[in-house]
Structure formats: C-alpha cells, structure tokens
Amino acid sequence: MPELPRIPLGDWVDSLVDWLTTNLTGFFEVISDMLAWSVGHLEDLLLLPPALVLTVLLALFAWWIRGRGFALFTLLAFALIESMNLWERSMSTLSLVLVASFIAVAIGLPVGIAAARNETVSTAVRPVLDFMQTMPAFVYLIPAIFFFGIGQVPGVVSTLVFSMPPAVRLTELGIRQVDEEVVEAGEAFGATPRQILTKVQIPLALPTIMAGVNQVIMLALSMVVIAGIVGAGGLGGAVFIAITRLNVGLGFEGGLAVVILAIFLDRVTSALSDRATLYEQTE
Amino acid sequence: MPQIELEHVYKIFGRHADEALELLQRGVARDEVQEKTGAVGAVIDASFGVEQGEIFVVMGLSGSGKSTVVRTINRLFEPTAGTVRIDGENITEMGSKDLRRLRAEKISMVFQHFALFPHRTVLENAAWGLEVQKVESDERLRRAEESLDLVGLSGWGDSYPGQLSGGMQQRVGLARALATNADILLMDEAFSALDPLIRREMQDQLVDLQENLRKTIVFITHDLNEAMRLGDRIAMMKDGQIVQIGTGEEILSDPANEYVASFVSDVDRARVLTAEAVMEEPIAVVLKREGPSAAMREMRQRQVSGLFILGPGRKLIGATLDDEVIAAVRRGDLSLDNITHTEIPAVAPDTPLAELFMPSAESALPLPVVKDGKLLGVIPRVTLLAALARAETAPTDMKEIQIPSEEPESEGSETEPEGQSQEDHDDRTEAEVPHA
C-alpha cells in the first residue's frame with residue numbers, strides 16, 4: 001500500500017505560534033495587562049468586605065432574585081467555603097470565571113447575531129466553534145502560556161476560548177427561532193434591520209440567549225481546575241495541589257467549593273433567564 | 001388610475017431563477033420548469049389593478065401563490081420580474097430607504113397568525129408602525145389608543161397578546177395596521193386562523209370599518225364564502241397563475257374555466273341539496289331564562305326583528321318578535337313566556353330544498369332547522385332563494401363551499417385562554433355555540 005505523504009501540520013502550527021510570539025508580543029502584552037488588571041481588580045473588590053459580610057450580601061441578592069430557599073442555601077454554602085479556609089481562592093476563581101464569561105459573551109453575542117443573519121458567517125463559524133469546544137484544553141493551554149506567560153491570564157484566555165461556543169450557538173439559535181411572520185411584521189411596517197434586531201429579534205431571543213450565558217458560565221467553571229495548572233491559582237490551584245500531593249481531603253474541599261460556586265451562578269443566571277421569559281407565562 | 005398595479009409579476013424561488021423565468025415566460029408549464037431547473041414559480045405572470053377604496057380578494061388553495069403575490073406588493077418578497085406600482089410609482093426600483101418609507105406610510109399588513117410581538121403590550125403592538133417612524137411617544141400612544149378603540153379593544157392596551165383570545169389578537173393586528181393611517185391594507189389570510197363564528201364577526205367588523213375608512217384592501221383567503229362576503233372583486237389563483245378576475249357574481253355565474261367551476265360547484269355534486277346543506281348558523285337566538293331585556297339587547301345588536309327562543313340543550317321552544325319584546329320590556333315582564341310563539345314552522349335537516357318553500361313563505365323569521373327538538377341552524381329566505389336560483393342551473397351552494405384541502409392548520413393552535421374568551425364572546429348568548 002502506498003504511503004500517504006506526511007502533512008507537517010504540527011510543524012506549521014509550531015512556526016505559526018513562534019511567529020506570533022515574536023511578532024505580536026506587544027499586542028499580547030496589552031491583552032495580558034488588560035485581563036490581569038480586570039481579574040485583579042474584581043478580585044480585590046470581592047475581597048474588600050469581610051467574608052461574612054459579602055456572604056450576607058450575596059444571600060440578600062439571592063433572596064431578591066429567587067427567594068428564601070436560595071438565600072438560605074447561599075448563606076450556608078458561602079459560610080462553609082469560608083470555614084474551609086477557601087474564601088480567597090474562591091473569590092479569585094469567581095473573578096476569573098466572571099471576567100472570562102463576560103468576555104466570552106461580549107464576543108459571542110455579536111458573532112451569534114452575525115451568524116443568525118448571514119448564512120456564510122454561520123457556515124464559517126460552526127467548525128471554529130466545534131474546534132474550540134472539543135480541542136482538548138491542554139493543547140491550547142501551551143501556546144496560551146507562550147503568549148501570556150504563567151498566571152491568571154492564560155487561565156482566563158483558555159477558559160474563555162472553551163466557554164464561548166454556547167454564547168454564539170444559542171444566540172444564533174435564539175434569533176433564528178424568532179417566528180418568521182413576526183419578523184415580517186416588523187419589516188412590513190418599514191422597520192430598519194437594526195430596529196428589527198433590537199426591538200424584535202433580541203428581546204424574543206433573550207430567553208435562549210440567557211440559557212447560552214448560563215452555559216458559558218458553567219463551562220467556564222469547569223475549566224478552573226485546568227486553569228489552576230497554569231498557575232491561575234484559585235480553587236483550581238487548590239485542587240491541583242491536592243492532586244499532586246494525593247491529598248484527598250483538600251481535593252474534596254476544593255471541589256466542593258467549585259460546586260457551590262457553580263450552583264450559585266447557575267441559579268442566578270437561570271433566574272435571570274426566567275425573568276426574560278416572564279411575558280410568555282401570562283395567562 | 002388603480003392605486004395598486006401589478007404588471008407581469010413573477011416570483012420564482014430557488015436557484016436558476018433566471019432560467020426558470022425564461023421558460024415560464026415562454027409558456028412552459030410550471031411543473032415542467034420545476035423538473036428542469038429545480039426552481040419553483042410561485043407567482044407566474046400576475047397582472048391586476050386595485051382601485052382606491054376597493055376590497056380585492058385573492059383566492060386560491062394553499063400553494064397557489066396567493067400569499068406570495070401579496071408580499072410582492074410591499075416587497076417582503078422581491079419580484080423576480082415584472083413591475084409593481086403604487087400610486088403610479090414603480091416600487092420595484094425603489095432603494096431600501098424609500099421602500100421602508102413606503103411601507104411605513106402607505107402600506108400596512110395583517111398576518112395570518114397575527115404576528116404580534118409577544119413581549120410588548122397590546123398598546124405597544126398597535127403603536128409599532130408609528131414607533132418605527134419615530135413618531136413622538138405621546139402622539140404615538142394616542143394614535144395607537146385610537147386605533148384600538150376603532151377595533152373595539154378600548155381598555156386592553158396594557159394587556160399582553162398572550163392574554164387575549166385569537167379573535168382579539170387579530171384585532172390588535174388590525175389596530176396595528178390601522179394606526180399608521182396607511183392607505184393600503186394587505187391582509188394575508190387574516191381571519192383563517194380564527195374559529196368560524198369569530199371569523200364571521202371579524203368579517204362584519206372589517207366591512208363596517210371599510211364603510212368609514214375606505215382603505216384599499218388586498219385580502220388573501222382560501223375560503224370562498226369569505227371571498228364572496230368581502231370582495232368587491234375576486235382574483236382566483238391556481239398554481240401561481242391568476243385564472244379569473246371578476247366580481248363574486250361573475251365568478252359564480254360565469255366561471256372562466258374548469259378549475260374555477262369546480263371550485264364553485266364541487267361541493268354540491270357530492271351533496272344533495274337539503275335544508276342541512278343551505279342552513280346557516282343561528283345567530284339571532286335568546287335563551288328562555290334570559291328574559292325580555294336580554295332579547296331586546298340581542299335584537300338591537302343583531303339588527304333583527306325576531307329571535308328564536310331556546311331552552312336547555314338548544315331545544316327550540318319558539319320565537320318572538322320585536323314589537324312584542326319591546327312591549328314586554330315596557331310592562332316589566334321578567335320572562336319571555338307571554339310573548340313566545342310556539343307554533344312556528346320548522347323543518348328537519350334532510351328536508352329537500354324544494355319542500356322548504358311553503359314553510360318559508362309562511363314565516364317572517366328565517367326557517368329553523370330542527371332535529372330531535374334541537375335547533376341546528378336557520379335558513380333565511382334570501383339564502384333559500386339564492387340556493388334555489390343556482391340549483392336550477394347547476395346545483396350550487398355558495399354558503400357551503402369550503403375548500404376541504406386547506407383548513408387553516410392553525411385552527412387547533414388558536415389560543416383562547418379560559419376566562420379571556422368570555423370577553424370576546426360576551427355579546428353573544430351561550431346558545432350560539434355552534435353545534436358539534
């Protein structure tokens with residue numbers, strides 16, 4: 001059997017990464033600074049009040065957005081984090097997740113909108129999203145370290161790459177799902193494409209878009225351990241240390257804190273998403 | 001000059017539209033063109049003019065291209081070839097900005113499934129066209145309010161469409177279309193998704209509104225009854241082509257071809273003409289327990305001079321006349337007993353048409369059709385005469401003609417939440433719920 005010629009894809013990627021690191025250092029530095037700045041400041045902000053004060057504040061917020069049960073959960077769960085001595089790490093992880101999710105949504109939303117409105121964009125974007133979602137995270141963690149060094153920044157970058165696809169996908173889906181006739185009704189009265197987008201399509205797609213945001217945050221949280229490996233610290237760091245030392249107890253505590261953050265963020269975002277659909281529940 | 005003018009308009013869907021257009025223009029049949037090019041000729045060589053103030057009905061089965069042709073008038077669908085003129089202006093060449101202005105100011109549209117914005121209140125829905133034009137908020141809401149009044153939805157402005165019954169939702173759709181004060185109203189199967197009684201009511205309301213507003217209306221429907229009731233002129237479409245344009249009378253009496261003829265007469269060949277076939281929904285009825293005041297209100301609302309009185313289970317008890325009802329109200333009677341005529345002529349549903357004459361002549365009221373004591377329907381004399389006149393030439397009954405293949409698919413999905421529906425029905429007695 002004739003042997004197929006070896007396509008040196010790996011070499012190409014290597015040299016591309018080399019080229020990028022040498023030629024775009026300035027660009028990466030700016031991004032790196034910006035990310036480090038926002039994560040750092042958010043973390044500082046979260047650590048500003050004493051842990052228990054913030055716990056109470058979060059519980060009040062939980063009450064307002066969802067109700068008593070959720071408030072109680074928040075109170076106990078965050079108190080537990082503090083009592084496990086994981087407060088600072090948790091806030092660090094929370095900042096990283098929030099910043100990464102925010103950027104993922106900020107990029108994903110417009111891309112999703114563009115994909116919904118344009119078949120070519122949609123076709124082009126889909127394989128990229130597949131790539132981002134399924135390429136094992138460790139693989140792009142390495143170039144991320146090349147570009148951004150060790151620390152929180154490569155953690156943020158790899159997290160946002162991994163978590164962005166649902167923002168794009170569900171935004172596109174949500175907008176496409178808006179009833180064709182309703183969009184026609186917009187057009188028939190002379191609305192501009194922009195008016196239709198902002199006054200009809202996005203409001204009607206909002207529940208789906210919010211579900212996407214929820215997914216983004218969940219995926220971001222699932223990346224924290226991996227981010228911990230590249231020195232992002234936080235709960236991921238704790239879990240990583242536990243793994244290397246085979247410390248089951250510490251690993252469990254770190255993992256539990258991640259779960260608590262996940263439940264909290266999930267309930268908050270799904271409550272927001274319910275609010276977006278309120279008009280449909282009218283009877 | 002017609003306000004709307006279509007000249008040789010084609011709309012072809014799919015790739016190779018140019019190729020398909022050429023073939024269609026040479027007169028190649030639509031199916032053949034589709035086989036050769038894969039493109040579908042949805043509208044083929046449509047030409048017609050609609051005069052200011054006219055209700056022009058485009059009628060055909062699903063897939064006949066009627067909804068497509070109406071969308072070429074405001075260019076929701078870009079015509080593949082041909083010209084569309086509005087007030088003499090060729091809109092097919094308009095830039096997108098002018099087109100948007102045209103849509104905002106001159107043409108509005110009502111949709112089959114209402115196409116309301118579920119996230120906006122009824123008032124905001126009605127104000128949509130004005131909002132798009134960036135009319136100032138106060139004026140916008142005032143005008144939207146006015147047009148809600150016009151369609152009988154005063155006071156519903158703060159509700160959401162999801163809280164309204166189907167009939168009311170479509171009134172919001174109508175209000176939205178009227179609010180911009182556009183001359184031209186495109187109505188795409190506007191009443192097809194509504195149940196028959198509400199549909200009838202909406203048709204009447206449209207006719208009433210049209211009396212005052214004198215809009216130019218292009219109305220799409222698959223229901224011949226509706227076409228006849230509303231249309232000043234009717235265009236019959238088949239497979240993308242307009243096969244006949246004329247008044248209802250012209251189409252009934254002189255169908256242009258086999259297709260139109262079968263449309264008009266099909267039903268009766270299958271059905272022997274009996275009382276059941278020509279009867280109409282009884283509208284002027286009152287329940288026995290309701291009393292004279294309710295009867296009077298009902299008469300005034302229906303503008304009729306007599307009512308049938310129904311007992312439990314739609315049993316026909318008798319009838320009463322307007323002067324007696326008024327006298328009873330004056331006397332302060334609380335029941336209808338004194339003014340109920342129980343000796344009224346009635347016929348069974350399977351009574352042949354010919355035998356309906358005598359009883360019909362005897363009675364001032366429409367002839368009730370009764371089975372096991374239950375009132376099934378009524379036959380006004382004019383219906384009987386019309387049915388008979390046509391039966392002599394070709395057995396035809398326009399009242400019963402319904403195209404079987406295209407019952408609106410949305411019939412089941414019509415939303416009429418409990419409780420809300422009463423609002424919509426409150427001007428009717430419960431006796432009117434159509435018999436199953």
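Quick note on labels: first sequence line is chain A, next is B, and so on, each numbered from 1.
- Taking every heavy atom of both residues into account, Val182(A) and Leu116(B) meet most closely at CG2-O, 3.7 Å.
- Closest of all the heavy-atom pairs between Arg103(B) and Ala188(A) is CB-O, 3.4 Å.
- Applying the 6.0 Å contact sphere to CZ of Arg142(B) captures more than 12 heavy atoms from other residues, nucleotides or ligands.
- Within the 4.5 Å cutoff, the side chain of His119(B) has no heavy atoms near those of the Lys199(A) side chain.
- Phe77(B) contributes atom CZ, which lies 5.5 Å from atom CD of Glu184(A) (distance to the nearest 0.5 angstrom).
- The residue among Asn74(B), Leu186(B), Leu76(B), Leu102(B) with the most heavy atom pairs within less than 4.5 Å of chain A is Leu76(B).
- Residue contact with chain A, scored on non-hydrogen atoms closer than 4.5 Å, involves the side chain of Arg71(B) exclusively.
- Taking both residues in full, the closest heavy atoms of Ala115(B) and Ala185(A) are given as O-CB, 3.6 Å, listed atom of the first, atom of the second, then distance.
- Heavy-atom neighbours of Phe102(A) CZ from other residues, nucleotides or ligands within 6.0 Å: at or below the threshold of 12.
- Contact of Ser108(B) with chain A is made through backbone and side chain together, with heavy-atom distances under 4.5 Å.
- Here Asp179(A) contributes atom CG and Phe114(B) contributes atom CZ; the two are 11.5 Å apart, rounded to the nearest 0.5 Å.
- Residues Ala191(A) and Trp128(B) share a closest heavy-atom pair of CB-CZ2, 3.7 Å.
- The part of Lys134(B) that comes within reach of chain A is its side chain, from C-beta onward, which places non-hydrogen atoms under 4.5 angstrom from that chain.
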| request: Decide yes or no on salt bridge (charged side-chain N to carboxylate O under 4.0 Å, His left out) for Glu187(A) and Arg100(B), but give the supporting numbers first. | output: CA-CA 8 Å; Glu187(A) 289 173 0; Arg100(B) 280 201 293 271; over 6 Å; no
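- The CZ atom of Phe189(A) sits 11.0 Å away from the CD1 atom of Ile107(B) when rounded to the nearest 0.5 Å.
- Within the 4.5 angstrom heavy-atom criterion, no atom of Glu105(B) approaches chain A.
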